[in-house]
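Protein chains get the first letters and strands the later ones, always in sequence-line order, with residue 1 at the start of each. Note that this is a predicted model, so its numbers are computed, not measured.
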Amino acid sequence: MSDTQTREIILQGIGAAPGICVGKAYLVDKEGVNVVRRYAVPEDLLQNEKNRFRTAVKKAREELIKIISESSKEFQEHTNILETHLILLKDKMLYDKIIENIEQDKINAEWALKKVVSNLQSVFKNMSDPYFRERASDIVHVADRIMRNLTGAGTVDIKGITKRVILVAADLSPADTSQIQLENIMGFITDRGGITSHTGIIARTLEIPAVLGLEHSTHVIRNDDIIVVDGSSGEVIVHPSEETLVKFVKRRLKYEAFRAAILKGSHFPAKTIDGVTVSIMGNIELPEEVVSVRDNGGDGIGLYRTEFQYMSRLVFPNESELFDKYRDVIEVMSPKPVTIRTLDINGDKAISDSRHDDEENPALGLRGIRYCLKKPDIFKTQLRAILRAAAFGNVRVMFPMICCFGEILAAKQMFREAAGALEKEGARLNREIEIGIMIEVPSAVVIADLMAEEVDFFSIGTNDLIQYSLAIDRGNKYTSHLYHPLHPAIIRMLKQVSDVAKEKKIKLFMCGEMAGDPFNLPILLALGIDELSMNPQSIPVIKRMIRSLKAADTEMLLKEILKQKTSSDIMELLNNAYGDLVSEVMNGQMAVSSANQRAIQS
Amino acid sequence: MAYSDKDISKDAVIVNELGLHARSAAKIAEIARHAKSNVWIIKGSEKVDAKSIIDMLTLGCTKGSNITIKIDYQPDIEVLDRIVRLVESGFGE
């Protein structure tokens, strides 16, 4: 496979994070099995092919032995798994079968490996017992290790990227992205995922251009290919011609100039023409991102996701580790508020420690507050760290995935217990902080009036609220087009929550993707939401947009919107009233989270 | 293969909590490796190779499963006995 293809190829995906970059591709071939090609091996070279396979297994074996010997005793369980992998390497059903396949079908080792593994996978996938069904993944891990040695790719170690590259992958898990040296990444390209996938969120917060949902990019793009990524338009160009390069460099300069222009006014408050001020906050995941919120003129942190410190590690972080990170963020933002969301483990953010908890449908499973209430030790450790860090600035705490009234009481009880214990120990803490909940499950919307009695604020998490209300998996490329923030049901739910917040005189925030899209802004303004929290780079655009709006006008429009029957009717109304303003504010640039605009264009 | 038509087998019940899972299968495979001929694990109508963990896992033996361990070659009887003892002891777990 050494033909050098230099023809320009244009791929269209979903622009998930704006910006343009040109650079060399770096394939994270996690699913190497998928990019393997079949080719025939002549009779006289079969022995050679079999030896190539044996060498790859030998290297895989050495790697595993090295990893096991370097593992500490604490991770005994993990070591046990690796020891099983070691034995699996030489298992007859795998090793002998592959040799047999190479010989009989006269094919390359990679293809034989792929074939044998996928046969085994289908056997396991059909088993009724979940433990045995899951063993397919052990075989895949072992096969991947052999494959990497076969293809000569070595261990694909994202940690080890030392040059500036554009990352190309079938998909990136949160564990993968947490390993990356982000300063070396110019852009992201993945075959799967959409605007609200984990990679999309990470890319936007770090202001790295990203095009996702490309489907076949890992088949088309090879290591070191020169590629252009336009995260605003969703285009990826492989082997760009001279003209194309010039075109995109111009586009990039224009985009950068635009960014610089809107950044200028971003440190002033966002006040409408008729004098209504809205706080514009940033969402962060890594403590380092706090700088981006500050630089973009954020009025605080509306959502500090705390899962990162729990991921891709074998033991849970301890109180002092958590405290250090929280304190860093809080001190940098002080006196502006930092809203810390307690641990919200979900489908794609699995802690390695809880890998035994197999769940068919994690989005509907043990996540958020459910998990925390079930694991009081883990929850209290985090609450203690928050309480202690709260002594260093302006902190609020909020609980995710609340769907029952009792959960609020139980969480608050644990909060009080954690505070009481700290006081007894004579630790420095601040327990007089605001406590709120995420409104992201439909049941919480319905009983918001009851919940309001127990909390200081609501924060609407639109991503999950939309996902749960419309029964749409936002990471699923087959259904992501049905993900409509402007569905009449969603607008009515927002209205209901807003009415409750006003009546019960509690603060209302929003921290989902919906808050960062200027197109939705008139509705959010009309609903009287006190704080909008978004990816840091959306802050300047949203502030600029608010300064061009009149709250009174938007209230009139909302009345009309609430009468509409479909999301496209609502989009049309918004577009007629504010479409020009949105494109002016965004400088004709289709950027940021433009799911709505995309829907209009199509 | 003078003994090949002579069935030599013993029954056993999986008593450990996790069933015939990866670690326990690895222990069986380790013993079976020393056999000169084939060693089989039979459950119902399925027969798998006791030298292959993967093959044993495909049986999906949970706690309480009845299995038969069978050898093809009489001198491997010691291997057979050791496997039966291992299974009955709950794999030493």
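To the nearest 0.5 angstrom, B:I54 atom CD1 is 5.0 Å from A:L120 atom CG. Separating the NZ atom in B:K27 from the CD1 atom in A:I87 is a distance of 10.0 Å, to the nearest 0.5 Å. A:F124 contributes atom CZ, which lies 6.0 Å from atom OG1 of B:T58 (distance to the nearest 0.5 angstrom).
Scanning for side-chain hydrogen bond (donor to acceptor under 3.5 Å, both in side chains) contacts around A:Q121 gives an empty result, with sequence neighbours left out. For B:T68, the side-chain hydrogen bond (donor to acceptor under 3.5 Å, both in side chains) partners at least two apart in sequence or on another chain are B:D11. With sequence neighbours excluded, the residues that form a side-chain hydrogen bond (donor to acceptor under 3.5 Å, both in side chains) with B:R33 are B:E30.
Close approach to chain B, defined as a heavy atom under 4.5 Å from one of its heavy atoms, is seen in A:K92, A:M93, A:L94 of residues 92-103 of chain A, taken by number.
Around atom CZ of A:R52, more than 12 heavy atoms belonging to other residues, nucleotides or ligands sit under 6.0 Å away. No more than 12 heavy atoms of other residues, nucleotides or ligands shown are found within 6.0 angstrom of CZ on A:R61. Residue A:K58 places its NZ atom among 12 or fewer non-hydrogen atoms of other residues, nucleotides or ligands, all under 6.0 Å distant.
Looking only at heavy-atom pairs under 4.5 Å with chain A, the residue among B:L59, B:T62, B:I53 that has the most is B:I53.
The parts of B:D55 that come within reach of chain A are both its backbone and its side chain, each placing non-hydrogen atoms under 4.5 angstrom from that chain.
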